Every structure is written in C-alpha cells, then in structure tokens.
Novice: 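Before I ask anything, let me first share the structure, which is written out below as structure tokens.
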Amino acid sequence: MKAQTTTATPSTASPETIAFRAALDVVGAALPEVADSIRQELADQRSHLKLIASENFASPAVLLAMGNWLSDKYAEGSPGHRFYAGCDNVDAIESRAVELAKSLFGAQHAYVQAHSGIDANLVAFWAVLTHRVEAPELERLNAKDVRDLSAEDWELLRRKLGSQKMMGMALDAGGHLTHGFRPNVSGKLFEYASYTVDPQTNLLDYDQVRKRAREERPLLLIAGYSSYPRKINFRIFREIADEVGATFMVDMAHFAGLVAGKVYTGDFDPVRHAHIVTTTTHKTLRGPRGGMVLCDADLADTVDRGCPLVLGGPLPHVIAAKAVALHEASQPEFATYARRIVENAAALAEALLSQDVTVVTGGSENHIVLVDVRPFGLTGRQAETALRSAGVTLNRNVIPYDTNGSWYTSGLRIGTPAVTTLGMGAAEMREIAAIIASVLRATAPTKTASGKPSLANYTLEDSARAQAEGRARDLLGRFPLYPEIEL
Ligand code: DSN
C-alpha cells in the first residue's frame, strides 16, 4: 500500500500544519497504512459530532509533546531516585508536572506516572490497604524480601489483604467498573458493597449512603462515577467515611476538568475532602490519555511506589504532555471552558426535555446528560448505532435499574466536553438536541424471527438520517476541529 503523502506545504502554513504534515510523511514512509489511518481518524473526528462524555480534543501542544524520543527512555523510580541512568530530563519534566498538579488542585502530593485510570486506582487501593490494614504481621511481611516469604506467609498476606471491603456506587447507578465490580481486579481484590440512587428521582440519596456504610463498614468508601449526571457533595461523603472509620477516595476521572476549572469548589471539591483522589487526564481535563493520583502527605511514600507496584516503566512522553495540559488547565481560559461545559450540558438536557426526550434525573450538573431511550422502543445499542450513521458519535450506557444489561442497555450517555472545546454554546446544544431527537424518532427496532423487537437491529428512515447528517455537518462547519491544522 502506498502512503498518501501530503502536498507541498506552503510557506504560510501554521507551525501545527507543518509539524503534523511532516510527522505523518515520516510515519507514512515507514508504514503507509498507519499514517493513512491517522489521517482518516482526523477526518472522521471532523465529520462527526463528538458527544462521548469521556473524550475531548487535546491541544496540538499536548499531542506533540507525546510524539518524540522521550518515549525511548526508561525512568523507573521517581525524580532524583531512578533505577536507570540518564534521567535528568525526565526528572525535570516529571518534577514540573508534579508541581503543576499540586498547585492546580491544591493537593499535598501528586503522582503523575499512572498510565491510565485503572492504574491510578490500583496504586490508590494498594496505598490504602498498606496503610489501613491493621496487622502487625503485614509490616513484617511487607518488609521481607518476597523471595523469603514462606507458604504460610503468603497465605497470611492474602487472607489479610483479600478480606477487606470497598463500597462504591452501583454500576447501573453510574459507578465505574474499577470500583469493585467482579469482572475487574478491584472486585477480586476486595469484597464489594454498593450504594445506589433513589428509584424515583435517580439521584444519590446521602441518607441511604450513610445507612449502607453503617451496615457494611467498608475499609474504603469511593465516590465518583462514569455516568451519573449530577454533582456530588464530598463533604457529606467524608462525614460518612469518618463516622464508619473508612478511608475516603474520590475517582474524579470524569470531572477533573471541572475541579481544575473551579466549577466544583467547597463541598464539591474532592481534593479538599478525600484522603486520596484518582483521575484520568484525558477527559474534561483535556490532557493526554493517562492517570494521576493526588493524596495527603501520609500516603505519599506508598503512592510514589506505584512503579514497580502496579506499573512498569513510566511513560515520560505522556508525563511531558500531562505537564503541558496541567499548565493549560491553570490558565483563566480553562476556567471559562469548564464553566461552559456545565452550562452546555444543562442547556442540552433542557433542550432534549423540550423535544420530549426522557432525561435521567431531569437535568445535568456536570458534563453528562443521560437519556432513557425506552420510550422510543429502542435499546441504547440501536440508538447509538443509528446516531453514528447520522454523524453523531456518543455511547450507549446503562441507566439506573436497567434491565437490558451493559451490552444492549436502555440509555445513551451524552457529553459536552468535546463540543465545548470546539466553541459551541447554548444555541448549538439546542440544535444537537433537535438532531438527536429527530434520529431517535425515525429509528425503530426490527422484529426477530419470533416476532419480538430486536435488541440490536433497527431501521432508520433515509431522509431523517440524511437530514440529521447534513445538520451535524453544518454545525461542524461552523465550529471546525483543529482549524490551525491543514492536512
Ligand atoms: N471508559 C471511560 C468512560 O467512558 O467513562 C471510563 O472507563
């Protein structure tokens, strides 16, 4: 396969155009189809409305910070204390990222090496286990060289660590897979208990959380979500954790950008109330794909041993991009951006309601709007696929008390971080709501051989699809992605 090469770059081209064109020509010379797919990905992202709540568009500076020889460096350890030679530049980059993270979030300590959200959570879980499990034997066992552990030692270690309990938000209520669910290692490492949302309002009921925590007395109480469309009062969670003797952890992966942008302050600022906070860096925070841990000083030593506990070598190129993103998130424009994400989600929820679309909890206080598609006779899977064919990218999601399971689901999760990065506002949210509603109205499940509605197959009227796609394209034409990049 022959690489598509870029045409001659005009001398007036932007630095971003020059950089990405040259980079893709170099990649294309090595493996043409990969360069072609990278180009095609930009074309796809430019031609579809991106409404996936956990995605965003990072700045060219963030993207370029990752594409270089920092990737070639091993840097196990921490700044100034590495197991490899020649880490001076990685030390400088990582120290800067740590400083920026601490000051942006007001944290006592930051660990920026986690490769992803699950890595960050595993580092945090282990730090809590190590600090909290009351067993004098553990100290002895932790101090021992692993090669000296006898079979009895291993058994004791496993028994002590494997009988601890975490309590998080139920998956169908909006909780995350890494907060104790069986298919994830967290659900195998810990015993699991959950709290859920009120069946009438679908809102968190703090009295129920308190009641459940009193019953279960978990070692670790987790707040944080992947599809709950409301803000959380972390002060109340901390009170509950203190009352039952739990360590309080917040996974702010979804809303870290709203914390950085000071939309969530006071009772809603997780860093102020939790013992330990984990996050990804690529969602509302708009950085590179990666993870991070923020914690009180007493947990710092254990958290800093994330490598080798959970990670192999850190990714210095990604840490460089994290530093760039954290710097960007410290600027006043980022606070405006974060505020607009939330305003847009509220406007989108309102506009969907005015189109007779069922919005779970009746609104949004973050970047997520959760929609129940059952009134359209659809599963989330059908709705997701129909919308993608009409130029709208979002993802199906379980809704509270969902009976369709996590593959088909009954809902759609719609997020505003990416379209807000493009500069869209309330008027565009109304147009997006109209596009989504028009597609849902024109989609119907097909019948299975037994005459029942299919959970996966559907029909979508051609004219409705074409019209929605045209409207999405018009919107994107007015708010182009990476206008400074001409490929
Ligand atoms: N996959 C991310 C999300 O979409 O919420 C979190 O794991």
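For ligands, and for the atoms within them, numbers begin at 1 and follow the listed sequence. Computed from a predicted model, the values in this text were never measured in an experiment.
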Novice: Heavy-atom contact check, 4.0 Å cutoff: does His254 meet ligand 1?
Specialist: yes
Novice: Would you mind listing which atoms of ligand 1 come within a distance below 4.0 Å of any non-hydrogen atom of Ser226?
Specialist: 5 (O)
Novice: Can you find a pair of side-chain heavy atoms, one from Val371 and one from Asn397, that are under 4.5 Å apart?
Specialist: no
Novice: Identify the protein heavy atom lying closest to atom 2 (C) of ligand 1, giving its residue, its atom name and the separation to 0.1 Å.
Specialist: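 Protein heavy atom with the smallest distance to atom 2 (C) of ligand 1: Lys283 CE, 3.9 Å.
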Novice: Would you check whether His176 has a nitrogen or oxygen atom less than 3.5 angstrom from a nitrogen or oxygen atom of ligand 1?
Specialist: yes
Novice: Applying side chain to side chain donor-acceptor pair (under 3.5 Å) between Ser54 and each of Lys283, Arg413, His367, report the one that passes.
Specialist: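 Single pass found, and it is Arg413.
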Novice: Please could you name the atoms of ligand 1 that Ser54 approaches to less than 4.0 Å, counting only its heavy atoms?
Specialist: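 Those atoms are 3 (C), 4 (O), 5 (O).
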Novice: Can you tell which part of His282 has a heavy atom less than 4.0 Å from ligand 1: side chain, backbone, both or neither?
Specialist: neither
Novice: Mark whether atom 7 (O) of ligand 1 lies under 4.0 angstrom from at least one protein heavy atom.
Specialist: yes
Novice: Establish, yes or no, whether the cationic atom of Arg305 lies under 6.0 Å from the six-membered ring centre of Trp126 and within 45° of the ring axis.
Specialist: no
Novice: May I have the step-by-step check of side-chain contact (heavy atoms from CB on, under 4.5 Å) for Thr280 and Leu285, ending in yes or no?
Specialist: CA-CA 8 Å; Thr280 54; Leu285 194 54; over 6 Å; no
Novice: Could you tell me which atoms of ligand 1, counted from 1 in the order shown, lie closer than 4.0 angstrom to a heavy atom of Arg413?
Specialist: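 Going through ligand 1 atom by atom, the ones under 4.0 Å from Arg413 are 3 (C), 4 (O), 5 (O).
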Novice: Is the shortest side-chain heavy-atom distance between His109 and Leu299 below 4.5 Å?
Specialist: no
Novice: Can you confirm if the NZ or CZ of Arg286 lies within 45° of the ring axis of Phe334 and under 6.0 Å from the centre of its six-membered ring?
Specialist: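 No, cation not above the ring by the 6.0 Å, 45° rule.
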